[in-house]
Amino acid sequence: MNSLTPEERIAQLIMIPVYSNKNQAHIDSISNLIKTYKVGGLIFFQGGPVRQAKMTNRYQQETKVPLMVSLDGEWGLGMRLDSTIRFPYQMTMGGVTDEKLIYDMGAEIARQCKRMGIQINFAPTVDINNNANNPVIGFRSFGEDKYNVARKSIAYMKGMQDNHVLASAKHFPGHGDTNVDSHYGLPVIHFSRIRLDSTELYPFRQLMDNGLGSVMVAHMNIPVLDNTKNLASTLSKKIVADLLKKELNYKGLVFTDALNMQGVAKFYPPGVVDVKALLAGNDVMLNTMDVKTTIAEVKKAIQNKEITQEEIDARARKVLAAKLWMGLDKWEPIETKNLVADLNNPHAEYLNRQLMEASVTVLRNKQNILPIQALDTLRIAALAVGTDKETDFQRGLARYTNVDTYYLTPTATLADLQKLKEQLAKYNLVIAGVHKLNLKAGSSNFGITAEMNLFLKELIRSQKTIVSVFGNVYSLANLESVDKASAVITAYQENALAQDVVSQIIFGGIGAKGKLPVTVSNAFKIGDGLITQGNFRLAYTSPEAVGLKTQDLAGIDSVVAQAIREKATPGAQVLVAKDGKVIYQKAFGYHTYDNETAVKNTDLYDLASVTKISTSLAALMKLKGEGRFDVDRTLGSYLPMMQGSNKEQLKYRDILTHQAGLKAWIPFWKETVKKNGKFKWATFKADSSARFPIKVATNLYIHRKYADKMYKQIAKSPLNEKPGYVYSDLSFILAPKVVENITGQEFESYLKENIYKPIGATSLTFNPYKHYAASQIVPTEYEPHFRAQLLHTTVHDEGAAMLGGVSGHAGLFGNANDLAKLMQLYLNDGTYANKTYIAGNTISEFSKCQFCDQGNYRALGFDRPSKPGAQNSNAAPSAPAVSFGHSGFTGTYTWIDPVNKLVYVFLSNRVNPTRENPKLSRLNTRTNALQVVYDAIEKSKAVKAEASTVSQ
């Protein structure tokens, strides 16, 4: 303080606007102002984190007194900077009932500010939005209830200030009840002092009582406080000096709102407006547009005795004291390495998700339609209103079951509406998302057109409709008849995360718990908000949700990248679920080594032997739970075609543990080939016909009765000479016949109707070419010996192909997401979405080791760790002995761990272009990726144990 000249003390009260997205001339001009006039601080606007950090480093090194660097980041750095996290709007968080989440957000925003060299964040907005037509606050407010606004503002403020970033409550004395935007004009507030005291000033007082560091004064004309015509509150001595500083006894820093806003700038030129703000009692002039003139005008005011040098000195000292509290006496340059990664850290991402999950509000839920129940009874259309492009919401819904997508654009004609109405008539549930709404209140009804209203009104009247509104919550008042919908959900804003969360609430991955922070209409009032059930189906979240760290699972990426780099497989899908939550789901690489089609999470893989536990075993376990199948009965008792053969008396307990003496496999296709390499007559033809109707591969059809020949070959095959374990396909080839004999129903339709469709595992299918485009199906081998083609859309396994693609040992296709649903059903011992599909603890029984004492480590149909803890085993070294699963020849693998409540799925096509590629097994890619998960679990346990010791 003692080293500063009178001019430099004035300059400490000036903050100038800076942009990191402008040219070098701008960057240098700011540098010039800092060096010439020694301004006290900067407020950064649009740009990027690395550019801003470099500018901050330069300016801090050029200044005499460290600069107070600020940002207007109400929803975090993302409000101003690209490549950073955008936390929810305050209105969104108005719906959150747990204020600790808002405190945590404040703390994380403070951490990010400090990483960026920012010492003050102009937040929270404590305006009470009690005017639905407010064009400037609206979604920036926590709501219309003063108590809710105060509680949430205090939480946000404390989160920041406990971490030494100054908060700033705005816009004093309250900007919530206005219909003019002070950026463009001067709002006039016509209410009484009593109303101002009881409502608008309430949250300011509460924050001041809790240690508020600074206040920002609004540009508003408030006759009840100061009736000077066209005078903004920022420039009013009665409002700043008398009300704020004397009457409310506020001792913290007082900032003006930006002095280039039209609420003040249209009445006074730069320099003059700044002095008027200073004379009114403000400590810091924000967005000073002419530093030289401002300093000259302040000196003139001192000479004219309008203000004393002592008053200037007192404010300068206050600014310096704040800088000391901010740690600017120990300023160090910002490290730009890893800056973007540090700002987009997993903790912040997960916190953002938690806030969104806690805010989404369900306003109607007729007959408890949410979460959606019986999927197999529904034909669902996902309608995007306001856009013609696929939305994140539609993609989110499609994770749970099959949904067909439709679009209603704002420019739709009446003919378009009629056509769409006819298309949607065939569905018994329509899920409508309302998108691309205007964020601010105004004359446009938030962008809701008459056509949209007409269509939605008619749709809600005639069909079961769930409406989700992604946008300003006040827009609900402009949607006629929306309150009559089967369910109404508001997400307050539109982004990928909001759409993801709402899709999960609809299907019960998570439950809704938000409460409406404002009254929107007679139908939707403040405090409304229904609780819905969560943990009903799989949720999709981050590892942090189950106590693990995202970075601790990064090893999976490395393991898979190594496999692709070493050409062990061209691509893969990996999914990890823990505690019923999908915490890792990624697609890697390409369909083939030509790197043309990238793998997506929705693509289908040939599951190979994972088919055994996903089809045959699923059906047999279901039947066992119903008392229609018994593992201690014989094959002959279930399958008449095996009576009289050496297989008749084989017990299913021995069959399913692969110790019944069955041969490993039979190369059926070899029987069809002549010595010259051509197919025998009455085996295959290039075209389909009544006699050759069954597709084996492209341009290859098999005789309609050839399957009988294959079953006879199995019946006649010798048993193994030595007793003991030999892994065999043969009983699983027969399993569909067993299931059809017991149920009287065709194998695939039995599985789809009784298990797959009800749990939403709709991609699990035989012969995917019947249901999916080739581009969605990952090819397997270029097979030279039998089908002489690239096997794409048809099954890789020769025997399954000859059975028309439908078998119990191979032939099932699907994606990792849908296979995980089935495995989660197994982990839950037969239940999913509150419904039991496999009864009587059957899965617990089937997954137990049956003959461990004899050296056979298999369960009934399932694989188990043959050597628990061993490297290069069939299971990850840390997989517990009770875990179970299966692997497949094409490079597939799934594992279930009841101890750690884990489901793991790894899908690849390592046989492309040839099966003679053992690298995936040699590298142990599938089990090593799972081991990464176990290592992450161990690490989290160690961290918890250490924390517990410290706390004791």
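Owing to the predicted nature of the structure, the values given are computational and were not obtained by experimental measurement. Basis for what follows: all heavy atoms, side chains included, without hydrogens, waters or symmetry-related copies.
- Under a 4.0 Å N-O distance rule, the pair Asp145/Lys152 does not qualify as a salt bridge.
- Between the CD1 atom in Ile510 and the CD atom in Gln354 there is a gap of 11.0 Å [rounded to 0.5 Å].
- No more than 12 heavy atoms of other residues, nucleotides or ligands sit less than 6.0 Å from atom CZ of Arg317.
- Gln262 and His183 share no donor-acceptor pair across their side chains, judged by distance under 3.5 Å alone.
- Ring pair His175/His171 is perpendicular by interplanar angle, where above 60° counts as perpendicular and below 30° as parallel.
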Side chain to side chain contact (heavy atoms under 4.5 Å, CB included) evaluation trace for Val18 with Ile43: CA-CA 6 Å; Val18 192; Ile43 174 167; over 6 Å; no
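- Aromatic rings of Phe470 and Phe393 (six-membered ring for Trp) have centroids within the 6.0 Å cut-off, being under it.
- Side-chain contact check for Arg58 and Ser31: at least one donor-acceptor pair (N or O, by modelled atom type) lies under 3.5 Å.
- Between the CG atom in Asn352 and the CD1 atom in Ile85 there is a gap of 6.0 Å [rounded to 0.5 Å].
- If you look at Phe446 and Tyr474, their ring centroids are not closer than 6.0 Å.
- Nearest heavy-atom pair across Gln161 and Gly213 is OE1-N, 2.8 Å.
- Between Asp290 and Thr288, every side-chain heavy-atom pair lies at or beyond the 4.5 Å cut-off.
- No side-chain donor from either of Asn210 and Gln206 sits under 3.5 Å from a side-chain acceptor of the other.
- Counting heavy atoms from C-beta on, the side chains of Trp331 and Thr63 never come closer than 4.5 Å.
- At least one donor-acceptor pair closer than 3.5 Å links the side chain of Asn344 to the backbone N or O of Ser83.
- In this structure, the side chain of Thr234 engages the main chain of Ala218 through a donor-acceptor pair within 3.5 Å.
- A donor-acceptor distance shorter than 3.5 angstrom exists from the side chain of His164 to the backbone of Trp325, with no hydrogens or angles considered.
- Judged by distance alone, the side chains of Gln112 and Glu108 do bring a donor and an acceptor atom under 3.5 Å apart.
- Thr550 and Glu544 form a side-chain donor-acceptor contact under 3.5 Å, judged by distance and modelled atom types alone.
- No option in Val264, Asp274, Leu278, Thr256 other than Val264 meets the side chain to side chain contact (heavy atoms under 4.5 Å, CB included) test with Leu235.
- How far CD1 of Ile154 is from CD of Glu99: 9.0 Å, rounded to the nearest 0.5 Å.
- The CG atom of Asp104 sits 13.0 Å away from atom CZ of Arg111, with the distance rounded to the nearest 0.5 Å.
- For the side chain to side chain donor-acceptor pair (under 3.5 Å) criterion with Gln12, the lone passing option out of Lys38, Lys323, Arg315 is Lys323.
- With a 4.5 Å cut-off on side-chain heavy atoms, Leu253 and Leu166 count as touching.
- Ion pairing between Arg353 and Asp500 holds under the 4.0 Å rule for side-chain N and carboxylate O.
- Tyr492 pairs by the ring pair (Phe, Tyr, Trp, His ring centres under 6.0 Å) definition with nothing, not counting sequence neighbours.
- No hydrogens or angles considered: a donor-acceptor pair under 3.5 Å links the side chains of Asp162 and Tyr103.
- Here the side chain of Gln493 pairs a donor or acceptor atom with the backbone of Tyr89 at under 3.5 angstrom.
- Taking the six-membered ring for Trp and the full ring otherwise, the centers of Tyr147 and Tyr202 sit less than 6.0 Å from each other.
- At distances below 3.5 Å, not a single donor-acceptor pair connects side-chain atoms of Glu390 with backbone N or O atoms of Arg395.
- Atom NZ of Lys64 sits in a crowded spot, with more than 12 heavy atoms from other residues, nucleotides or ligands closer than 6.0 Å.
- No hydrogens or angles considered: a donor-acceptor pair under 3.5 Å links the side chains of Tyr584 and Asp557.
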Could you give me the CA-CA distance, side-chain angles and deciding distance for Ile14 and Val291, then say whether side chain to side chain contact (heavy atoms under 4.5 Å, CB included) is met? CA-CA 8 Å; Ile14 293 174; Val291 176; 4.2 Å; yes
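- Minimum interatomic distance between Pro124 and Leu207 (heavy atoms only, all atoms of both residues): CG-CD2, 4.3 Å.
- Annotation: Lys54, atom NZ; neighbour count of heavy atoms from other residues, nucleotides and ligands within 6.0 Å does not exceed 12.
- His435 and Thr387 share no donor-acceptor pair across their side chains, judged by distance under 3.5 Å alone.
- Contact of the Val165 side chain with the Asn163 side chain is not registered, since no non-hydrogen atoms from C-beta on lie closer than 4.5 Å.
- Looking only at atom types and distance, the side chain of Gln61 has no donor-acceptor partner in the side chain of Asn57 under 3.5 Å away.
- Residue pairs meeting the salt bridge (charged side-chain N to carboxylate O under 4.0 Å, His left out) criterion with at least one partner in residues 341-351, sequence neighbours excluded, are Arg115-Asp342.
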Please walk me through it: do Gln90 and Ser141 pass side chain to side chain donor-acceptor pair (under 3.5 Å)? CA-CA 5 Å; Gln90 286 190 197; Ser141 160; 5.9 Å; no
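- One finds the OH atom of Tyr184 at 13.0 Å from the NZ atom of Lys266 (value rounded to the nearest 0.5 Å).
- A salt bridge does not link Lys35 to Asp28: none of the charged nitrogens lies less than 4.0 Å from a carboxylate oxygen.
- The side-chain heavy atoms of Met105 and Leu351, taken from C-beta on, include a pair separated by under 4.5 Å.
- Using a 4.0 Å cut-off between a side-chain N of Lys or Arg and a carboxylate O of Asp or Glu, Glu74 and Lys170 qualify as a salt bridge.
- Within the 4.5 Å cutoff, side-chain heavy atoms of Tyr540 are placed close to those of Gln504.
- Open room surrounds NZ on Lys436; 12 or fewer heavy atoms of other groups in view lie less than 6.0 Å from it.
- By the 4.5 Å heavy-atom criterion applied to side chains, Val576 and Leu553 are not counted as neighbours.
- Side-chain contact between Ile583 and Leu548 is present, with heavy atoms from C-beta onward closer than 4.5 Å.
- Taking the six-membered ring for Trp and the full ring otherwise, Trp75 and Phe87 have centroids separated by 6.0 Å or more.
- Classified by interplanar angle (parallel below 30°, tilted 30° to 60°, perpendicular above 60°), the ring pair Phe122/Phe255 is perpendicular.
- Ser214 pairs by the side-chain hydrogen bond (donor to acceptor under 3.5 Å, both in side chains) definition with Ser168, not counting sequence neighbours.
- Considering all non-hydrogen atoms of both residues, Val240 and Asn282 come closest at CG1-N, 3.6 Å.
- Between atom CG of residue Asn121 and atom OG of residue Ser70 there is a gap of 8.5 Å, rounded to the nearest 0.5 Å.
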